[in-house]
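Contents: one structure, followed by commentary.
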Number of protein chains: 2
Amino acid sequence: MVIHTSDRESEEIRSLDLFSGLDDARFSLLMRGAYVQNFPPMIELITEGDTSDFLHVLVSGSVELFANWNGRETTMAVLQPTSTFILAATIRRARYLMSARTLEKSRIILVPSEDVGAVFDLDPDFSRAVVTELAQCYRANIMATKNLKLRSSLERLANHLLSARKLAGNLESFELGLEKRRLASNLGMTPENLSRAIRQLKPYGVAIDGSRVTIADPSDLEGLAKPTDLIDTPCALQASAPAG
Amino acid sequence: MVIHTSDRESEEIRSLDLFSGLDDARFSLLMRGAYVQNFPPMIELITEGDTSDFLHVLVSGSVELFANWNGRETTMAVLQPTSTFILAATIRRARYLMSARTLEKSRIILVPSEDVGAVFDLDPDFSRAVVTELAQCYRANIMATKNLKLRSSLERLANHLLSARKLAGNLESFELGLEKRRLASNLGMTPENLSRAIRQLKPYGVAIDGSRVTIADPSDLEGLAKPTDLIDTPCALQASAPAG
DNA sequence: GAATTTCTTTGATTTGCATCAACATATCTG
DNA sequence: CAGATATGTTGATGCAAATCAAAGAAATTC
């Protein structure tokens with residue numbers, strides 16, 4: 001890689017589902033043309049409509065995927081390390097359907113699309129890993145669509161909080177992990193309505209102070225949320241859509 | 001295949017993006033364990049939550065993908081021949097996220113998941129085709145999410161009609177292709193509201209009589225719909241979500 | 001640390017959409 | 001073909017959620 005990564009970083013990247021099956025030779029082939037870059041917060045990494053040149057890997061920080069139409073904007077997902085994004089556009093060599101921006105100071109690896117294609121053709125294990133990853137992203141997005149079409153905004157919020165709690169190790173209290181206005185957009189609602197929805201969840205034992213969430217009795221909230229693993233995944237922060 | 005297909009059918013299946021790159025030997029390997037079946041209308045082929053055993057190929061008729069939660073139901077896509085479905089679940093050997101039912105009398109090929117996996121491992125061309133297909137499905141679904149989150153129901157209807165018109169070869173008049181209540185569900189609205197929305201489009205030169213749609217001047221409607229190829233695909237009938 | 005900006009909350013109002021109810025039309029069935 | 005059933009339309013009403021407006025709380029900036 002053009003700029004060296006730390007051992008811990010390399011290890012983390014290699015341990016991603018997408019790369020863990022690669023032998024060292026193929027992995028370095030993939031990483032040889034790649035370069036790491038540090039970005040400040042609120043930098044637009046990708047603009048929807050542009051054509052895809054790189055597979056992105058988020059190493060640290062956080063990244064928002066969003067989309068615009070006719071003057072409106074919506075959050076599609078908020079990514080945490082370590083995850084890849086824009087895999088589908090890379091594979092199809094197609095235009096990006098989403099834009100991406102850093103939310104915090106972030107460290108990102110850019111792998112040239114040609115290299116991904118080359119290793120894909122060379123290495124059956126890698127091609128299987130790509131398919132598995134894509135299928136996973138596809139399924140996560142189907143879940144997001146079901147979430148939007150079958151649930152009210154209050155139900156979406158309730159389920160999001162339960163997923164986030166699980167992700168945080170089932171602690172009674174945990175951090176929200178993103179600004180409320182982005183959470184609102186992610187859940188398909190306005191910030192004003194999110195604020196009111198949070199109040200509505202008070203009778204279910206939910207208290208949110210700043211970015212700190214406390215759920216007194218999850219089973220109480222589950223009565224409202226009715227989570228199911230056909231909609232709700234433990235990999236929760238991308239409440240509305242995942243990262244292909 | 002257990003039940004023989006006609007030459008025209010075989011040809012159509014082979015010409016699918018997913019299979020067109022396979023040599024004859026691999027294709028027959030894939031089809032050896034497969035069987036064709038004819039179903040009457042309104043037969044539930046797949047139930048969400050069940051585990052995936054077969055890749056499905058719709059040869060004739062039409063199939064609705066739908067999902068349920070908490071007593072509610074929504075249409076996720078309506079498929080026309082010739083298309084594959086449930087590819088993502090097949091690849092992951094995971095539980096179906098959607099149910100499927102025939103809408104008309106339909107002819108469907110069922111390819112055992114093991115065989116798909118075997119040929120995938122054997123044939124790099126096939127594995128590339130699977131990835132391309134999956135990436136396409138993923139992207140179509142991202143578009144569906146953007147459609148839902150960024151547009152009002154009237155705008156979704158307007159865009160659907162323009163896409164359907166394009167699919168029908170840009171004729172002034174074409175068939176809707178599915179019941180209005182299903183179209184409504186696909187677009188994320190109620191039948192009552194669809195009915196009213198159609199009336200609202202009258203000033204834009206849209207007339208729908210039964211299942212026959214007439215659009216006097218598409219550019220007029222486009223002024224409202226503002227279609228973009230970052231949301232709207234010509235492969236239109238799955239207005240809300242595609243077929244992985 | 002004061003000033004500025006951004007984010008969040010609260011209340012009042014409007015709008016979009018769902019629901020309910022009734023009727024009309026189309027489709028199925030014996 | 002008649003009766004039954006399902007689908008589609010229309011109007012009245014209610015509710016969920018967006019918008020508008022303003023104030024309070026955080027986070028930034030100088």
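These numbers come from a predicted model, not from an experiment. In what follows, chains are A, B, ... by sequence order, proteins preceding strands, each numbered from 1.
- Nucleic acid contact class of A/Arg196 (heavy atoms, under 4.0 Å, all strands): base.
- Checking the phosphate oxygens (OP1, OP2) of C/dG11, a side-chain nitrogen or oxygen of A/Arg199 falls inside 4.0 Å.
- For the pair B/Lys180 and A/Leu154, nearest-nucleotide mapping onto DNA chain D gives the more 5' position to B/Lys180.
- A salt bridge between A/Arg107 and A/Glu12 is absent, with no side-chain N of the basic residue lying under 4.0 Å from a carboxylate O of the acidic one.
- Under the 30°/60° scheme for interplanar angles, the aromatic rings of A/His56 and A/Phe85 are found to be tilted.
- Counting non-hydrogen atoms of neighbouring residues, nucleotides and ligands closer than 6.0 angstrom, the CG atom of A/Asn170 exceeds 12 such neighbours.
- Between B/Ile198 and A/Gln200, it is B/Ile198 whose nearest contact on DNA chain D lies nearer the 5' terminus.
- The residues B/Lys166 and B/Asp232 are annotated as not salt-bridged, no charged nitrogen and carboxylate oxygen being separated by less than 4.0 angstrom.
- Taking 4.0 angstrom as the limit, A/Ser152 places none of its side-chain polar atoms (N or O) nearer than this to OP1 or OP2 of D/dA16.
- Remark: P of C/dT9 and NZ of A/Lys202 are 13 Å apart, rounded to the nearest angstrom.
- Between B/Asn193 and the phosphate of C/dC17, there is no side-chain N or O to OP1/OP2 separation shorter than 4.0 Å.
- When heavy atoms are screened at a 4.0 angstrom cut-off, A/Ser153 is found touching the sugar-phosphate backbone but no base atom.
- B/Glu192 comes within 4.0 angstrom of a base, heavy atoms only.
- Between A/Met42 atom CE and D/dT28 atom C1' the separation is 14 Å, expressed in whole Å.
- Rounding to whole angstrom units, CZ of residue A/Arg212 and P of C/dT8 are separated by 17 Å.
- Of the candidates D/dT10, D/dT7, C/dT19, C/dT19 carries the atom nearest the B/Thr190 side chain, counting heavy atoms from C-beta on.
- Put simply, CG on B/Leu178 is 13 Å from C1' on D/dT7, counting in whole angstrom units.
- Rounded to whole Å, the distance from CD on A/Glu179 to P on C/dT9 is 12 Å.
- Whole-Å rounding puts the A/Leu194 CG to C/dC7 C1' distance at 12 Å.
- Checking D/dG8, C/dC7, C/dT19 against the side-chain heavy atoms of B/Arg181 singles out D/dG8 as nearest.
- If you check D/dA18, D/dT7, C/dC7 against the side chain of A/Met189, the one that comes closest is D/dA18.
- Atom CD of A/Glu73 is separated from atom C1' of D/dA18 by 17 Å (rounded to the nearest Å).
- Heavy-atom neighbours of B/Phe39 CZ from other residues, nucleotides or ligands within 6.0 Å: above the threshold of 12.
- Across the protein-nucleic acid pair, B/Leu187 atom CG and D/dG8 atom P stand 13 Å apart, rounded to whole Å.
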